[in-house]
*Asks:* 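A single structure is presented below for examination.
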Amino acid sequence: MTWEPDRLDDQAHLSEADPSGMLPAVAASAAHVRTGHRVAAEAPLDRLAAHGRPRAIVVAGMGGSGIAGDMLAAVAGSGVPLPIVTLRSYQLPGWVGATDLVIAVSGSGDTEETVSVATQAVRRGCTLLGVGPAGSPLEAIAVQASALYVAVPARGQSRANLWLLAIPPIVAAAALRLVPVEDDLFERVARSLEDLAHRCRPSSDSFINPGKALALDLAESVPVIWGTSAATRAAAIRLAGQLNANAKYPAIYGELPEAGHNQVAAFDGPLAERDIFADTSSRTLRLVLLRDVEEHPQVTRQREVTLRLARDRDVPVTELTAEGTHPLERMASLIGLGDYASAYLALGYGIDPTPVSAITELKARISQ
Ligand SMILES: O=P(O)(O)OC[C@H]1O[C@](O)(CO)[C@@H](O)[C@@H]1O
């Protein structure tokens with residue numbers, strides 16, 4: 001697998017190497033925002049308010065579906081009057097009980113960790129909301145428990161259905177008056193994703209295409225991706241996951257201020273060392289800073305100083321700033337870009353972005 005940047009502007013290669021259509025799936029993000037909003041609005045999520053405000057919200061989901069919890073927490077912001085916890089595991093924590101809301105999110109509706117948590121939530125008498133496809137085991141659990149279920153038309157890999165899965169929990173939290181959602185928010189997000197899809201379209205060349213430009217930055221490096229707020233943290237987790245799954249690429253995510261207490265030390269380590277005589281920059285650590293317009297003032301200082309520390313040590317840096325007024329818009333600006341970049345990175349290496357054979361093999365082996 002060699003990195004060949006010219007592949008990114010070779011239209012025949014871009015379609016042949018992407019037979020299952022990851023690039024078109026990314027381009028469908030705006031449509032998914034609109035559909036996700038519509039199906040959530042059609043579900044009687046107002047019924048959630050009848051139970052009163054929950055003590056806590058637990059969002060259960062794995063991989064590309066678990067991000068829905070991080071996105072919900074980012075939209076709710078630090079002033080939210082209850083904990084919003086993302087659970088990426090089998091076991092519902094002991095403190096979760098009948099006064100809590102558990103939102104189980106799964107693109108297949110059949111992921112064992114998520115199904116396990118949904119089952120425990122029903123047993124404990126929690127309010128359950130399922131988000132997944134129609135006819136799935138997750139839907140069966142919700143129906144059996146007379147719980148709410150938002151059926152989304154998710155097809156293919158869950159990570160290609162992020163917006164279908166992430167919007168319903170936000171609509172649910174809005175029904176509970178926990179998150180600020182203006183009437184036109186989802187349409188604004190959809191329009192910004194449409195604009196991004198136009199700028200990142202395959203026929204747009206690398207020198208003006210921000211998705212291809214980011215893939216070129218990330219190639220032949222080990223990206224260390226930091227968020228600087230809840231919104232850009234969610235985008236960092238998403239970008240790392242997309243690089244793993246689409247490009248089969250290593251990526252490390254973190255967030256400031258925490259990364260300033262550990263990951264920053266890697267600027268002085270072996271992967272940050274550049275051999276000026278080597279003809280490749282391969283195995284070089286690259287810092288990817290995902291900035292937000294809303295940062296804690298001390299985090300802004302930490303970001304500025306760590307940027308200088310990286311530059312002083314010749315650690316290459318990519319800095320991206322989230323755009324938009326609402327946190328959901330800001331996440332969309334970075335997530336949309338990262339989704340394109342991860343698919344282009346795969347295609348630049350001649351890798352099909354869709355199949356994830358190691359994950360499939362792992363799942364098959366544990367089910368035996
Ligand atoms: O959305 P689901 O189907 O629950 O899957 C969760 C995660 O697990 C995977 O299917 C891989 O195991 C990912 O594609 C996905 O992000």
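As the structure lists them, so they are numbered: ligands from 1, and atoms in each ligand from 1.
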*Asks:* Please round to the nearest 0.5 Å and tell me the distance separating atom CH2 of Trp163 and atom OG1 of Thr35.
*Replies:*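 Result: 13.5 Å between the selected atoms.
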*Asks:* Give a yes or no answer on whether the side chain of Asn209 reaches the backbone of Arg201 with a donor-acceptor pair at less than 3.5 Å.
*Replies:*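 It does hold such a pair.
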*Asks:* Name the atoms and distances for all side-chain donor-acceptor pairs under 3.5 Å in residues 167-181, with sequence neighbours left out.
*Replies:*
none

*Asks:* Tyr249 vs Tyr349 aromatic rings, parallel, tilted or perpendicular, using cut-offs 30° and 60°?
*Replies:*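 It falls in the tilted class, 30° to 60°.
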*Asks:* Kindly determine whether Leu165 and Val152 satisfy side chain to side chain contact (heavy atoms under 4.5 Å, CB included), including the steps that lead there.
*Replies:* CA-CA 7 Å; Leu165 298 164; Val152 296; 3.9 Å; yes
*Asks:* Could you list each N/O atom of ligand 1 together with any protein N/O atom closer than 3.5 Å, one pair per line with the distance?
*Replies:*
unit_1	atom_1	unit_2	atom_2	d
ligand 1	1 (O)	Ser65	OG	2.5
ligand 1	1 (O)	Gly107	N	2.7
ligand 1	1 (O)	Ser158	OG	2.6
ligand 1	3 (O)	Ser106	OG	3.4
ligand 1	3 (O)	Ser108	N	2.9
ligand 1	3 (O)	Ser108	OG	2.6
ligand 1	3 (O)	Thr111	OG1	3.2
ligand 1	3 (O)	Ser158	OG	3.1
ligand 1	4 (O)	Ser106	OG	2.6
ligand 1	4 (O)	Thr111	OG1	2.5
ligand 1	5 (O)	Thr111	OG1	3.2
ligand 1	10 (O)	Lys363	NZ	3.0
ligand 1	12 (O)	Lys363	NZ	3.0
ligand 1	16 (O)	Gly64	N	2.6

*Asks:* Side chain to side chain contact (heavy atoms under 4.5 Å, CB included) for Arg303 and Leu290? Distances and angles first, verdict last.
*Replies:* CA-CA 10 Å; Arg303 172 172 54 70; Leu290 304 184; over 6 Å; no
